[in-house]
Participant: 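Mind having a look at this structure? Questions to follow.
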Amino acid sequence: MTASNDDGERGTGHTPGPTSTASASASASASDTAATNSVGRRSAGRNGWAQPTTPGALSKKVQRRLTAPQATRTNAIHPGAWWLWALGLGTAASRTTNPLLLTLLIGVAGYVVAARRTEAPWAHSYSAFVKLALAVLLIRLAFAVVLGSPIPGTHTLLTLPELPLPDWAEGIRIGGRVTAEGLTFALYDGLKLATLLICVGAANALANPARLLKSLPGALYEAGVAVVVALTFAPNLIADVQRLRAARRLRGRPDKGLRGLLQVGLPVLEGALERSVALAAAMDARGYGRTADVPRTVRRTTTALTLGGLVGVCAGTYGLLTAEGGSYGLPVLLAGLAAALAGLWLGGRRSLRTRYRPDAWGVRAWLVAASGAAVATLLIVYASYAPSNSAALHPGVVPLTAPTLPLWPAAAILLGLLPAFITPVPEHTHPKNTRKESS
């Protein structure tokens, strides 16, 4: 018996016949064909050919594309886009006193903040702005009750004892009749101011102030440092108060009332002073405040353009907000913006600055800013389209009527929800992390 027969009989125990040889050849050719097909499918996928996919894989692919990506340092939204979005919502709030539309604006801002807020210290300042807005609303109503309202009314709710005032205080009263029309007018006015504060709070909670400072032009860098330090002071102060109150509760000490406030206030002020000294030392060590040598003519031209541009912006804005300045408001505003931008460009030559990893203004940032601008623009256009539209945005209080919800402004306000679906998801709110935590 040959060696080949020994090798063939080692695994089967008999001599392979013609049938077993043919089946082995067929299986080898089938495996080669399968390997060739798999390689062909892989190469077809690389070359862009159509490759077969299962319905489950296709649905997962579509869902992955429709789902917002997880937030990283490279795909984070530009802080200027968040501020433009919030200013657009605030502009829309300033164009109406309808409580239904103002409540819808508050809901839109709150939903976006809840969906895209991070765990950074400044992100927790939104609740403080909400509390401030509620305080402003209550103070406005209290003023309307105690000091009266200029709105005449016939539905008297209660009558307070009126305090007599001297003749030089004519037009001012303390106490007297409290009417439903006056309270309703105060409610609409206070709710508008509260909505503006909540929109500003949304921008503070979503935009990174340090990254916003990096995006400022060189001419406004010194002012930007002061503004950013002021903006970060309030969130850090709130975080210190919460931390100290929690520490006092753990030690069994009172954290409420006047006594608790006094005992918490001193450590908070001490921490604020320590941060200020550390920040000043760090900025001095990094060379903040250095300026370049610029000719006197360029400095004077820069000052004239900047101041003239800002005056033009103020005059143009006033013209747009008043009925008499509708003809000259927009041209003056555009001219002022052009002069101010030219002044800022010339003033930037005095600042010796470099940008490390500058923030890119991507497609998502454009969409975020455009959603806020669209809300403001559509409400302005709706108000100027017909006199009846203006009545829907500003419901009357004399006679007292229930406000209605206009559909087109409501649909325009809902455009402000776009950042909640297209911007990157923070790490703690990403669906994958939620599934991991639940498991």
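Remember, it's a predicted structure, so these values are computed and weren't measured experimentally.
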Participant: Please answer whether the main-chain N or O of Ala207 pairs with a side-chain N or O of Trp83 as donor and acceptor at a distance below 3.5 Å.
Facilitator: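 Judged by distance alone, no pair lies under 3.5 Å.
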Participant: Once you round to the nearest 0.5 Å, how far does CZ of Arg95 lie from CD1 of Ile380?
Facilitator: 5.0 Å
Participant: Mind checking the CG-CZ spacing from Leu250 to Arg245? Nearest 0.5 Å is all I need.
Facilitator: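 Output value for this atom pair is 13.0 Å.
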Participant: Show every donor-acceptor pair shorter than 3.5 Å between a side-chain atom in residues 174-181 and any protein atom, with sequence neighbours excluded, or say none if there are none.
Facilitator:
unit_1, atom_1, unit_2, atom_2, d
Arg177, NH1, Thr156, OG1, 2.7
Arg177, NH2, Gly153, O, 3.3
Thr179, OG1, Gly182, N, 3.1
Glu181, OE2, His155, ND1, 2.6

Participant: Output the distance between atom CD1 (Ile422) and atom CZ (Arg116), rounded to the nearest 0.5 Å.
Facilitator: 9.0 Å
Participant: Where is the tightest heavy-atom contact between Tyr111 and Ala420, given as atom of each residue plus distance?
Facilitator: CE2-CB, 3.6 Å
Participant: May I ask you to decide if Thr423's main-chain N or O and Arg364's side chain share a donor-acceptor pair within less than 3.5 Å?
Facilitator: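 Answer holds: no.
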Participant: Distance check, rounded to the nearest 0.5 Å: Asn208 atom CG versus Thr118 atom OG1?
Facilitator: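 One finds 8.0 Å between CG of Asn208 and OG1 of Thr118.
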Participant: Which heavy atom in Ser125 sits nearest to a heavy atom in Ala205, and how many Å separate them?
Facilitator: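 Closest heavy-atom pair between Ser125 and Ala205: OG-N, 4.4 Å.
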Participant: Would you say CG of Leu158 has more than 12 non-hydrogen atoms from neighbouring residues, nucleotides or ligands within 6.0 angstrom?
Facilitator: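 More than 12 heavy atoms, drawn from other residues, nucleotides or ligands, come within 6.0 Å of this atom.
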Participant: Output, in order, the C-alpha distance, side-chain angles, deciding distance and verdict of side chain to side chain contact (heavy atoms under 4.5 Å, CB included) for Phe129 and Ile198.
Facilitator: CA-CA 6 Å; Phe129 277 93; Ile198 289 176; 5.7 Å; no
Participant: Quick one: CH2 on Trp361 to CD1 on Ile77, what's the gap to the nearest 0.5 Å?
Facilitator: 9.5 Å
Participant: For a quick test of reading the model, state the closest non-hydrogen atom pair linking Ala93 to Thr195 and the distance between them.
Facilitator: CB-CG2, 3.7 Å
Participant: Among Leu417, Val108, Leu418, Leu414, which residue satisfies the side chain to side chain contact (heavy atoms under 4.5 Å, CB included) criterion with Ser371?
Facilitator: Leu418
Participant: Are the side chain of Ser384 and the backbone N or O of Val381 linked by a donor-acceptor pair below 3.5 Å?
Facilitator: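 Yes.
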Participant: Using a 4.5 Å cut-off on heavy atoms from C-beta on, say whether the side chain of Tyr382 contacts that of Leu378.
Facilitator: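 Side chain of Leu378 against side chain of Tyr382, heavy atoms only: no contact under 4.5 Å found.
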Participant: Looking at every non-hydrogen atom in both residues, tell me the closest pair between Ala92 and Leu379 and how far apart they are.
Facilitator: O-CD2, 3.6 Å
Participant: What is the minimum heavy-atom distance between Cys199 and Leu89, and which atoms define it?
Facilitator: SG-CB, 3.7 Å
Participant: Using 0.5 Å steps for rounding, measure from the CG atom of Leu400 to the CG atom of Leu183.
Facilitator: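 Leu400 atom CG to Leu183 atom CG measures 10.5 Å (nearest 0.5 Å).
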Participant: Decide yes or no for Phe185 and Arg140: does some side-chain heavy atom of the first lie under 4.5 Å from some side-chain heavy atom of the second?
Facilitator: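 Side chain of Phe185 against side chain of Arg140, heavy atoms only: contact under 4.5 Å found.
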Participant: Considering non-hydrogen atoms only, spot the tightest contact between Gly190 and Leu137 and give its length.
Facilitator: C-CD1, 3.6 Å
Participant: Would the number of heavy atoms belonging to other residues, nucleotides or ligands and lying under 6.0 Å from CH2 of Trp408 be above 12?
Facilitator: no
Participant: Any side-chain heavy atom of Val112 sitting closer than 4.5 Å to one from Trp85?
Facilitator: yes
Participant: Could you pull out all residues at least two apart from Tyr188 that satisfy side-chain hydrogen bond (donor to acceptor under 3.5 Å, both in side chains)?
Facilitator: none
Participant: Return a table of donor-acceptor pairs under 3.5 angstrom between the side chains of residues 96-106 and protein atoms on other chains or two or more places apart.
Facilitator:
unit_1, atom_1, unit_2, atom_2, d
Thr96, OG1, Asn98, N, 3.0
Thr96, OG1, Leu393, O, 2.6
Thr97, OG1, His394, ND1, 3.3
Asn98, OD1, Leu100, N, 3.0
Asn98, ND2, Ala392, O, 3.0
Asn98, ND2, Thr404, O, 2.8
Thr103, OG1, Pro99, O, 2.6

